[in-house]
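Here's the structure, in structure tokens; my notes come after.
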Amino acid sequence: MRSDLVLELPNDIKAIEHTVEFVVRRCEPSCEDQKRLRLNFRVALTEALSNAMLYGNHRDPAKRVRVEVTVKSCSVIACVTDEGNGFDPEVVPDPTCPMNLCKSGGRGVFLMRKLLDEVRYNDRGNSVTLVLRYGAPQNELRGASA
Amino acid sequence: MRSDLVLELPNDIKAIEHTVEFVVRRCEPSCEDQKRLRLNFRVALTEALSNAMLYGNHRDPAKRVRVEVTVKSCSVIACVTDEGNGFDPEVVPDPTCPMNLCKSGGRGVFLMRKLLDEVRYNDRGNSVTLVLRYGAPQNELRGASA
Amino acid sequence: MVFQVQKSDDITIVDVDGQLIVGNRQELKQKVLEELERGERKFLIDFANTGYIDSSGLGVLVSLSKKIREQEGELRLSGLNEDLRTLFELTKLDTLFIITDTREEALKGL
Amino acid sequence: MVFQVQKSDDITIVDVDGQLIVGNRQELKQKVLEELERGERKFLIDFANTGYIDSSGLGVLVSLSKKIREQEGELRLSGLNEDLRTLFELTKLDTLFIITDTREEALKGL
Ligand SMILES: Nc1ncnc2c1ncn2[C@@H]1O[C@H](COP(=O)(O)OP(=O)(O)O)[C@@H](O)[C@H]1O
Ligand SMILES: Nc1ncnc2c1ncn2[C@@H]1O[C@H](COP(=O)(O)OP(=O)(O)O)[C@@H](O)[C@H]1O
């Protein structure tokens, strides 16, 4: 299936806010859950983009981040891919453990997972697919209502 | 040279406004001529996108428009490509002729050329490159001041 | 973008908030044609809150002006900032329309 | 986005207009740390005009709160709408901060 929107972005964290805004506006007309699009999807996409730019592409301005967005009748899907070597998303520690609560970092992957219905990494770990579902059959653990 | 921003857009004229806004915001920090970025470039990019969607892609929602943007120290360059068969930009009539003045159409290509320093089609005619220059060596016939 | 329609005596005033471009021009056209069908004859389109206009926006204005004149009505434009005026000048459409600086001037003349 | 700093008696109030995210968090951090160095000790960050916050925005709040406490100061947060509260709850940061509904409440307590 062809994506509804593809972006190749410069590796510039200043571009994240406008990019997220642009993608969300594009999804708005078709999305039946404006509230979770506005909060959950927006924050999760911001996390995915900043991880791609900061860790995947190591802030290298010559690298790019690719975003593919697909809007379906019951979901919005965004795939964010960087040019890095990836990582193992399974070993990210739980930032809500008392030991980690006072750390300034480590909440990005956790938030994505909490906020969305599905967060899937490729094997290499340099590409993450974010899924926000709405309409009937929904994941019970869907973040904002947790 | 790699573009600073690449977009593959759905063939939906409702997406044009947000796309133009997104691209212009991306160019703003580096552009030394905010006035012509805001008017000349914005209008010209709108024309290029609507022609690509309406004539190139014949309003077909399965088709896509590709936009490549490059921001340099003395110019902003946008290349807009559709999936159509192109046309001959040389035979577009002058809309300011008294005969044409009362027609409702035919001002898009003309405006792009008037507003920008350079408007270049590929041989097939399905891809147009828009150039807004600023800083020292400028085209004398640069639109807004004409 | 939003098109707001108001009446002042027998004049129909349309405010264009945002852009008048290919994605929304039909909306403006429809709004004005509805009023024309209802019997309205004097129109003012105010661009004081407009960002930019593209060629298809200009095209809609040309076609509305023709339709209004066919019904012996009149269309005026007001509130064009420097940027928007440039577009009318480049396309020589400033010679086709009655354009006034302010809405008040336009209302006086209509 | 803009960070506006005001003083009310000995309290430094920072308004976050827009988003607090990876692209601008350093700006907030710097503003607050400058005030801390100048000797200010009571801080209120008001989110009444904030759209959303990402994990790095939350991270900056955590690190500011630590730095302020090290100087025996105090940081409060106010004006979080339902969306923003959700983010604090999911990350359990609501247990780490003193959060009040309104700016007035926060000022009274500080
Ligand atoms: N796209 C990526 N490429 C490489 N490493 C990543 C990527 N995304 C996340 N990581 C790794 O996972 C860790 C946890 O990320 P995250 O939960 O977002 O917290 P933080 O960004 O605060 O470190 C990062 O520190 C980084 O090592
Ligand atoms: N990308 C394109 N692909 C095919 N034909 C095009 C393209 N762009 C412009 N044209 C042709 O050029 C003509 C003039 O376009 P333009 O000056 O924008 O005025 P208008 O859009 O009002 O017709 C169009 O009617 C169309 O036939």
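Because the structure is predicted, anything quoted here is derived from the model rather than measured.
B/Arg42 and B/Thr46 share no side-chain donor-acceptor pair at under 3.5 Å. If you check the side chains of C/Asp15 and C/Gln6, you find a donor sitting under 3.5 Å from an acceptor.
In terms of heavy-atom pairs under 4.5 Å with chain B, the best-connected choice from C/Gly59, C/Ser55, C/Gly57 is C/Ser55. Listed options C/Leu58, C/Leu93, C/Val60, C/Leu96 were ranked by heavy-atom pairs under 4.5 angstrom with chain B; first place goes to C/Leu93. Chain C forms the most heavy-atom pairs under 4.5 Å with one residue out of B/Gly105, B/Gly106, B/Cys102, and that residue is B/Cys102.
At a 4.5 Å heavy-atom cutoff, B/Leu49 makes no contact with chain C through either its backbone or its side chain. For C/Ser65, no part sits under 4.5 Å from any heavy atom of chain B, backbone or side chain. Only the side chain of B/Leu111 comes within less than 4.5 Å of a heavy atom of chain C; its backbone N, CA, C and O stay farther away. Interface remark: B/Val109 contributes no atoms to any contact with chain C (heavy atom separation under 4.5 Å). If you measure heavy-atom distances from C/Ile53 to chain B, the contacts under 4.5 Å come from the backbone alone.
A salt bridge between B/Asp33 and B/Arg133 is absent, with no side-chain N of the basic residue lying under 4.0 Å from a carboxylate O of the acidic one. The pair C/Asp101-C/Arg85 meets the salt-bridge criterion, since a charged nitrogen lies less than 4.0 angstrom from a carboxylate oxygen. We find that B/Arg26 and B/Asp4 are not joined by a salt bridge, their nearest charged nitrogen and carboxylate oxygen being 4.0 Å or further apart. Under a 4.0 Å N-O distance rule, the pair C/Lys7/C/Glu35 qualifies as a salt bridge. For B/Arg120 and B/Glu118, the salt-bridge test passes: some basic side-chain N is under 4.0 Å from an acidic carboxylate O. In summary, C/Lys42 and C/Glu74 do not engage in a salt bridge, as defined by a charged side-chain N under 4.0 Å from a carboxylate O.
Each side-chain hydrogen bond (donor to acceptor under 3.5 Å, both in side chains) pair with one or both residues in residues 97-109 of chain B, not counting sequence neighbours, appears once here: B/Asn100-B/Lys103.
Summarising the geometry of C/Ala106 relative to C/Leu44, their closest heavy-atom pair is CB-CD1, 3.5 Å, with the distance given to 0.1 Å.
Scanning residues 79-95 of chain B against chain C with a 4.5 Å non-hydrogen threshold yields no residues.
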